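Structure record follows, encoded as structure tokens.
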Amino acid sequence: MLSFFAIHAGTIVALLLVAAAAAGSIVHLRRQRKHGKSICGCNCGNCHGSCHTH
């Protein structure tokens with residue numbers, strides 16, 4: 001089992017870095033949305049629906 005980690009250490013580290021970046025992005029987007037900001041740059045807290053087409 002230890003040899004598996006030794007052989008694939010680079011792949012495992014890269015996977016952990018990508019997973020951490022994805023998790024950080026998700027947390028950042030959720031915090032922005034919680035504070036009334038959106039991904040498109042509009043302030044959805046003051047939005048009356050005119051800037052988005054549904």
Side-chain angles (χ1 to χ4, degrees):
M1 185 71 168
L2 190 57
S3 64
F4 174 81
F5 290 117
I7 293 170
H8 300 291
T11 304
I12 294 169
V13 169
L15 174 67
L16 291 174
L17 288 174
V18 169
S25 295
I26 291 169
V27 167
H28 177 72
L29 291 173
R30 291 190 73 187
R31 284 184 184 166
Q32 279 188 334
R33 187 159 190 160
K34 192 174 189 179
H35 288 100
K37 297 179 184 177
S38 72
I39 298 170
C40 67
C42 297
N43 185 0
C44 290
N46 295 326
C47 185
H48 301 290
S50 61
C51 63
H52 300 283
T53 58
H54 296 283

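These numbers were taken from a predicted model, which means no experiment stands behind them.
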remark   = Sequence neighbours excluded, the answer for ring pair (Phe, Tyr, Trp, His ring centres under 6.0 Å) partners of F5 is none

message = Suppose the criterion is side chain to side chain donor-acceptor pair (under 3.5 Å): which pairs have a residue in residues 5-29, not counting sequence neighbours?
response = H28-Q32

request  = Report the hydrophobic cluster partners of V27, with the cluster defined as I, L, V, M, F, W, Y residues connected by side-chain heavy atoms closer than 4.5 angstrom, directly or transitively.
outcome  = none

request  = Drop me the distance from L17's CG to I12's CD1, to the nearest 0.5 angstrom.
outcome  = 12.0 Å

ask   = Would you say M1 and L16 are hydrophobically clustered, going by side-chain heavy atoms of ILVMFWY under 4.5 Å?
value = yes

